[in-house]
Amino acid sequence: MIIVLLPILCWVFIALIFNIKGLCWRSSFLTASICWGVLLTGITEMLSMVKLLSLFWLLLCWGLATLVLVIAYWFTSQQEVSKKRGGIRLFFISMPVFSGCLLAGVLLIVILTGLTASIAPPNNWDSMTYHMSRVMHWIQNQGVGHYPTHILRQLHSNPWSEFAMTHFQILNGGDYLANFIQWFSMVGCILGVTLIAERFGANLRGQIYAAAVVATLPMGILQASSTQNDYVTSFWLVCFVYYCIMSIQKSNLYYSLGVGASLGLSILTKGTAYIYAFPFLLWLCWSTVKLLRLRILRHALIVAFIVLLINIGHYSRNLELFRNPLGPDAMSPAKEYTLTNDVFTVSSIVSNTLRNAGLHMGTPIKLCNDAIEKGIYSAYNVFGIDINDPLTTWTGTGFHINTLSAHEDSAGNPIHLVLILLTISIIILFWKQRKESYFKGYIIALVVAFLIFCGCLKWQPWHSRLHLPLFVLWSPVIAVIMSTAINKWIANVIMMTLVITSFHWVLKNESRPLTGQNSILNTSRIDQYFNNRPGIKESYYDCALAVSSQQCNNIGLQLGGDHWEYPLWVLIQRSSKQTPRIEHVYVGNNSYKISLGNFKPCILLKTDKNGKMSINLLK
């Protein structure tokens, strides 16, 4: 539907206005994305307050926004033309053959990943459980307010990515654009890290290196075609860090607005942003207080106000239901399922640091993996540390070095980890240019962010996906070192190796493969929803078919806390002439307090301990 272009047109005209006003096209991309993200948040919260989050009102809001931006662009372009400096600022420069080939490889990765995102439906486990499920409830309720649910993550988890998906789902009439939120963020990260590398003095070759490092991240490639939110978080953090650097080099109100807005959006997207942003905020304060003195308070208040303004809606909903703006203390009331460590000691941080790094040490060779795992276990035994200490380990899991994975929940970034360790070694031992204070500050902030992550959160075998922002933010450092402190030919070989090996993850994504017997090119869209859990597909099909044969407008759900919900919505909508109202019933957590009005289900859909669904007719 052409109406889905309205939000996209808004972004385009915002970018054009900033570009005409003097920003380069990459900076315009970042700034326009931040403005668009804030605008989308405002529209969502405003319409939700009066339960008008529907097609008509979204069309009205985005239509008016587009009209205002078109007029603003016209006036801005006329003013710039009168100053004889109008026109869109796009610069095309010649580059060495190898740099051009490397850039072409990056573009091919982006294009093929975008192809995957366009063909495959959302089918990530978390998306089936709560990311996409909450979108359907919001559309049904015409607002993002909390509702009764067995899956509390649908309520308290940070919602910006799902805000965006909701808009496109309503405007497009389906989930065909849902994966593009992450894919767009991948593109934004690639462009953003080149700007950061440029601020660190990287030349064109170094900036292309930075783009290649990000584009070839296995976890990034796999997530870029999904409806997870780690790449979205990474993008907002890249914007945040870029504006932090700009503020350190030249503090002004514009950069403070950029810092506040990007930080607010990153926090609204995922809770890990608190951890990763904190060291950079300290770095920003430490670096600017000497220049601004008491004036820093004004900038700090601006940043704090914008962050609070962006997040106030989500905070208030959580505060009302959970008496905590961040949501419940844990995913489960049982202490053993808390996300944070139960002890905070040097040994616990060291243990989690090694185990989190170990998630990226997997190789294609099992013997090699077994040897690495045996060595790590031996090191723990020497120091008398329990490697799977329940005080610092997610319940029911244990540390292992797995074979190289192509799944978005468990893939590691082994080559990139080696490059990070190599980069740190060069900086410490050999690189003479390490005297640049803001470059050192950036590196220290990254290291501290990782240590805080390890010190705060219990180790989980799925943590590698949460590390994505760190790997993205390390790419400018790797690029600067590769382009200045390592032989050019060696650096080129390393970069080309990254590009060539990355196509394994581009083509062999376990959830959405482009090639092979289960390729998304020859598998029906409906079947692809169950790629990560084929064992429950038949029960969902049967229940959806049974629902369509009944004259029932109210369907109750009784699900486990990590069971799939979203495919049920898709199947029922495809098989029923009129979509019934679907609500969670018999809820046993805090959300039971939320009233469903006069809702009385005539059908109950219930999952068993294995996640399979059954249907009960209610009289």
Side-chain angles (χ1 to χ4, degrees), residues 4 7 37 40 44 110 113-139 144 149 151 153-155 157-189 217 219-236 265-266 268-273 406-411 462 464-466 468-469 505 509-514 520 523 525-533 562-571 573:
V4 80
L40 181 139
T44 305
V110 171
T113 306
L115 178 65
T116 302
S118 66
I119 296 174
N123 61 9
N124 171 268
W125 185 295
D126 282 349
S127 297
M128 301 298 94
T129 302
Y130 73 97
H131 288 302
M132 295 300 298
S133 301
R134 72 198 309 198
V135 168
M136 301 309 295
H137 282 283
W138 291 345
I139 294 174
V144 297
T149 176
I151 306 169
R153 288 179 293 170
Q154 292 181 4
L155 305 184
S157 294
N158 307 45
W160 189 89
S161 291
E162 292 88 336
F163 282 179
M165 292 178 208
T166 301
H167 282 236
F168 286 110
Q169 188 104 343
I170 292 173
L171 294 173
N172 190 52
D175 56 21
Y176 296 95
L177 296 178
N179 293 329
F180 278 100
I181 309 300
Q182 285 263 92
W183 180 84
F184 179 88
S185 298
M186 177 191 190
V187 175
C189 284
L217 282 165
M219 178 56 76
I221 291 170
L222 298 171
Q223 280 212 37
S225 60
S226 78
T227 44
Q228 275 283 23
N229 54 18
D230 297 287
Y231 231 142
V232 182
T233 308
S234 301
F235 177 49
W236 295 134
L265 290 170
S266 67
L268 190 61
T269 303
K270 199 175 186 74
T272 48
H407 194 279
E408 62 213 1
D409 288 339
S410 57
W462 313 284
S464 59
R465 61 186 177 84
L466 304 184
L468 182 60
W505 290 277
N509 187 323
E510 290 183 21
S511 299
R512 296 168 294 280
L514 269 176
I520 59 175
T523 304
R525 187 174 179 88
I526 287 294
D527 286 344
Q528 288 180 53
Y529 284 105
F530 296 92
N531 276 2
N532 282 305
R533 208 173 182 184
D562 198 34
H563 288 174
W564 286 23
E565 178 182 347
Y566 179 67
L568 184 67
W569 286 85
V570 176
L571 291 170
Q573 287 184 342

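Position 1 is the first residue of the sequence, and the numbers go up from there. Because the structure is predicted, anything quoted here is derived from the model rather than measured. What's counted below: heavy atoms across the whole structure, side chains too, no hydrogens, waters or symmetry copies.
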Check: How far does OG1 of Thr272 sit from CG of Leu466, to the nearest 0.5 angstrom?
Finding: 6.0 Å
Next item on the list: Evaluate the side-chain proximity of Glu408 to Arg512: yes if any heavy-atom separation is below 4.5 Å, no if none is.
Entry: yes
Note to self: For Thr269 versus Leu265, what's the shortest heavy-atom pair and its separation?
What the structure shows: OG1-O, 2.7 Å
Notebook entry, point to check: Is Trp505 close to Asn509 at the side-chain level, that is, under 4.5 Å between some pair of heavy atoms?
Noted result: no
Next item on the list: Output, in order, the C-alpha distance, side-chain angles, deciding distance and verdict of side chain to side chain contact (heavy atoms under 4.5 Å, CB included) for His563 and Arg533.
Entry: CA-CA 11 Å; His563 288 174; Arg533 208 173 182 184; 4.3 Å; yes
Notebook entry, point to check: How close do Thr149 and Gln154 get, heavy atom to heavy atom, and via which atoms?
Noted result: OG1-OE1, 3.1 Å
Next item on the list: For Asp409 and Met219, work out which heavy atoms get closest and say how close.
Entry: C-CE, 4.4 Å
Margin query: Looking only at the aromatic ring of each residue, does the gap between the centers of Phe180 and Trp183 stay below 6.0 angstrom?
Written below: yes
Item checked: Closest contact, heavy atoms only, Ala273 versus Thr233 -> CB-CG2, 4.2 Å
Checklist line | Under 3.5 Å: donor-acceptor pair, side chain of Ser133, backbone of Met128 | finding: yes
Notebook entry, point to check: Once you round to the nearest 0.5 Å, how far does CG of Leu468 lie from SG of Cys189?
Noted result: 7.0 Å
Note to self: Apply side-chain hydrogen bond (donor to acceptor under 3.5 Å, both in side chains) to residues Gln573 and Trp569 and explain how you reach the verdict.
What the structure shows: CA-CA 6 Å; Gln573 287 184 342; Trp569 286 85; over 6 Å; no
Note to self: Please check this pair: side chain of Glu162 against backbone of Met132, looking for a donor-acceptor N/O pair closer than 3.5 Å.
What the structure shows: no
Note to self: For Trp125 together with His131, are the ring centres under 6.0 Å from each other?
What the structure shows: no
Check: Do the side chain of Asn124 and the main chain of Ser127 share a donor and acceptor less than 3.5 angstrom apart?
Finding: yes
Notebook entry, point to check: Looking at OG of Ser410 and CG of Leu222, how far apart are the two atoms once the value is rounded to the nearest 0.5 Å?
Noted result: 8.5 Å
Check: Are Gln182 and Gln223 close enough that a side-chain donor and a side-chain acceptor fall under 3.5 Å?
Finding: yes
Next item on the list: Report yes if the side chains of Phe184 and Phe235 come closer than 4.5 Å at any heavy-atom pair, otherwise no.
Entry: yes
Margin query: I'd like to check Ile181 versus Thr227 (side-chain heavy atoms, cut-off strictly below 4.5 Å). Are they in contact?
Written below: no
Note to self: side chain to side chain contact (heavy atoms under 4.5 Å, CB included) for Met165 and Leu177? Distances and angles first, verdict last.
What the structure shows: CA-CA 8 Å; Met165 292 178 208; Leu177 296 178; over 6 Å; no
Next item on the list: Walk me through it: do Thr44 and His167 pass the test side-chain hydrogen bond (donor to acceptor under 3.5 Å, both in side chains)?
Entry: CA-CA 8 Å; Thr44 305; His167 282 236; 2.7 Å; yes
Note to self: I need the Ser157 OG to Lys270 NZ distance, nearest 0.5 Å.
What the structure shows: 7.5 Å
Next item on the list: Report yes if some heavy atom in the side chain of Pro159 is under 4.5 Å from a heavy atom in the side chain of Trp138; otherwise report no.
Entry: yes
Check: Any luck finding a side-chain donor-acceptor pair between Asn532 and Ser511 under 3.5 Å?
Finding: yes
Check: Which heavy atom of Met186 sits nearest a heavy atom of Thr113, and at what distance?
Finding: SD-CG2, 4.3 Å
Notebook entry, point to check: Looking only at atom types and distance, does a side-chain atom of Asn179 sit under 3.5 Å from a main-chain N or O of Ala120, one as donor and one as acceptor?
Noted result: yes
Margin query: With a sphere of 6.0 Å drawn around OH of Tyr176, does it hold more than 12 non-hydrogen atoms of other residues, nucleotides or ligands?
Written below: no
Check: Side chains of Asn123 and Gln528: do they bring a donor and an acceptor to under 3.5 Å?
Finding: no
Next item on the list: Please answer whether the main-chain N or O of Ile520 pairs with a side-chain N or O of Arg525 as donor and acceptor at a distance below 3.5 Å.
Entry: no
Note to self: I'd like to check Asn158 versus Leu268 (side-chain heavy atoms, cut-off strictly below 4.5 Å). Are they in contact?
What the structure shows: no
Check: Quick check: does any side chain N or O of Trp160 sit under 3.5 Å from a backbone N or O of Gly37, one acting as donor and the other as acceptor?
Finding: yes
Margin query: Looking at every heavy atom in both Pro122 and Tyr529, which two are closest together, and how far apart are they?
Written below: O-CD2, 3.2 Å
Next item on the list: Please answer whether the main-chain N or O of Leu115 pairs with a side-chain N or O of Ser118 as donor and acceptor at a distance below 3.5 Å.
Entry: yes
Next item on the list: Mark yes or no for whether Arg465, through its side chain, and Ala411, through its backbone, hold a donor-acceptor pair below 3.5 Å.
Entry: no
Margin query: If only side-chain N and O atoms count, and only distance matters, is there a donor-acceptor pair under 3.5 Å linking Tyr130 with Asp562?
Written below: no
